[in-house]
Number of protein chains: 2
Amino acid sequence: MKLSKKGEYALRALIDLGIAAEVGRPLVQVSELAAKELIPIKFLEQIMQLLKVEGFIESQRGKFGGYRLARSANKITIGSIVRLIDGPLAPIGCVSHTAYEKCSCPDETHCGLRMLMLDVRNAIAGILDRYTLADVVEVTLRKMRRDNVPLPFSDAPAARRSPARNADRPDLKPIEGLLSNLLSDYSI
Amino acid sequence: MKLSKKGEYALRALIDLGIAAEVGRPLVQVSELAAKELIPIKFLEQIMQLLKVEGFIESQRGKFGGYRLARSANKITIGSIVRLIDGPLAPIGCVSHTAYEKCSCPDETHCGLRMLMLDVRNAIAGILDRYTLADVVEVTLRKMRRDNVPLPFSDAPAARRSPARNADRPDLKPIEGLLSNLLSDYSI
DNA sequence: TTTAAACTATACTAACTCAATGTAGTTTTA
DNA sequence: TAAAACTACATTGAGTTAGTATAGTTTAAA
């Protein structure tokens with residue numbers, strides 16, 4: 001049930017771009033991202049290329065160029081990024097919503113394994129399709145501010161502002177988990 | 001977030017052995033399992049060997065030999081099987097409970113990605129460590145009986161008996177999902 | 001006591017994926 | 001005009017996956 005390094009790097013880079021945007025930094029260079037996250041620069045360039053082609057980020061070429069998010073962070077779900085890099089979220093093809101594939105088992109309707117794995121796929125998708133880059137950025141920034149850690153991509157400690165995190169997600173069912181708790185607990 | 005073919009085959013074989021036990025069949029041969037599940041026989045033999053070494057199953061050698069579960073199906077969690085074949089359930093090492101590994105990111109305590117992936121790992125483990133082979137066997141048999149499908153490993157349709165499914169799991173939190181619903185809904 | 005059916009052990013391998021690395025550009029702007 | 005940055009594409013070494021192949025050993029039924 002692994003996330004690939006490529007997927008991890010893509011998420012880290014996008015979260016960084018989200019933080020940069022939140023902190024008022026217009027562009028971030030690949031070299032800076034690579035240094036901050038300890039990612040081989042050529043590998044990261046490859047990933048950024050893919051993220052650009054797929055419309056997640058935009059680039060500014062030339063000297064003092066760099067990358068920025070192509071749309072607001074709350075319009076980018078984590079699930080869409082993971083699917084792009086690592087394929088379907090489902091553990092096996094016969095329970096994938098986005099890339100169903102018939103499995104070799106003789107009777108799919110009476111397959112207990114399939115039902116179990118459908119639960120797993122729904123649990124994963126329930127998290128990764130619910131949360132956006134903006135959620136992860138907010139949790140990260142909030143923890144850093146609480147601990148008085150200097151924010152990345154900004155010299156001065158950024159002013160506290162209230163992000164429009166749930167603007168476009170009207171009726172979410174309550175959910176358990178770390179992120180959910182951290183996002184609703186404003187004392188953190 | 002994939003389950004390997006090897007892991008899938010191991011689970012299928014173990015579920016079959018669980019069904020066989022439930023239906024009163026003492027031993028099942030590898031050749032029969034391979035034919036039923038369309039698994040290459042030499043590959044399955046390899047897997048059965050591993051499951052035996054690890055104490056999940058026992059073998060009877062010689063003519064008319066075969067395999068059986070080494071302990072009651074409700075003592076074998078799905079999570080333990082998946083971990084054996086495919087390693088930790090966690091998407092990244094830094095959130096694994098059974099095989100923690102420090103990640104390359106500069107500040108683990110303020111890493112939003114880590115918190116998110118911890119939610120994912122808990123969601124997966126919450127399912128795979130909660131359910132046992134017995135649960136999957138029961139769901140499978142119940143669906144087959146409801147649809148009057150002939151049960152595997154038995155010529156006559158097996159009598160309905162009440163399995164001791166939750167015998168050793170005293171206080172489980174309620175949980176959502178297909179399996180949970182199917183297991184509690186006795187009309188299915 | 002033979003022998004077929006079954007499990008056991010170990011070695012090998014083709015194909016694929018992962019995680020980069022290398023080379024050679026093009027574009028932009030200070 | 002040249003440094004800094006992005007772009008494109010080819011290559012590669014290591015590791016994993018999903019099997020095959022070969023040569024047994026064990027057991028029980030005939």
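In what follows, chains carry the letters A, B, and so on, assigned in the order in which the sequence lines appear, proteins first and then strands, with residues in each chain numbered from 1. This is a predicted model, so every value here is computed, not measured.
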Check step by step if side-chain contact (heavy atoms from CB on, under 4.5 Å) holds for A/R12 and B/C111. CA-CA 9 Å; A/R12 285 194 193 291; B/C111 177; 3.5 Å; yes

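- B/L27 places its CG atom 11 Å from the P atom of D/dA28, with the value rounded to the nearest Å.
- Under a 4.0 Å N-O distance rule, the pair A/R130/B/D119 does not qualify as a salt bridge.
- Checked by atom type and distance alone, the side chain of A/K36 never pairs as donor or acceptor with a backbone atom of A/A13 at under 3.5 Å.
- The distance from atom CD of A/E8 to atom P of C/dA20 is 10 Å, rounded to the nearest whole Å.
- Taking atom NZ of residue B/K63 and atom C1' of nucleotide D/dA30, one finds them 7 Å apart after rounding to whole Å.
- Where B/Y67 and A/G62 each meet DNA chain C at their nearest nucleotide, the meeting point lying more 5' is that of B/Y67.
- In this structure, NZ of B/K5 is placed 7 Å from P of D/dG19, rounded to the nearest angstrom.
- Side-chain N or O atoms of A/S180 include none that pairs as donor or acceptor with a backbone N or O of A/E176 at under 3.5 Å.
- As a whole-Å value, the separation of B/L3 CG from D/dT17 P is 11 Å.
- Residue B/D86 is the one, among B/D86 and B/F64, whose nearest nucleotide of DNA chain D lies closer to the 5' end (criterion: closest heavy atom).
- Of the residues in residues 29-53 of chain A, those placing a heavy atom less than 4.0 Å from an atom of DNA chain D are A/Q29, A/V30, A/K42, A/E45, A/Q46, A/Q49, A/K52, in numerical order.
- Atom CD1 in B/I85 sits roughly 11 Å away from atom P in D/dT17 (whole-Å rounding).
- Annotation for B/E101: atom CD does not count as buried by contact number, only 12 or fewer foreign heavy atoms lying within 6.0 Å.
- Each of B/L51, B/V28, B/V30 was compared with B/Y67 under the side chain to side chain contact (heavy atoms under 4.5 Å, CB included) criterion, and only B/V30 meets it.
- Between A/R61 and B/Y9, the residue whose closest nucleotide on DNA chain D is further toward the 5' end is A/R61.
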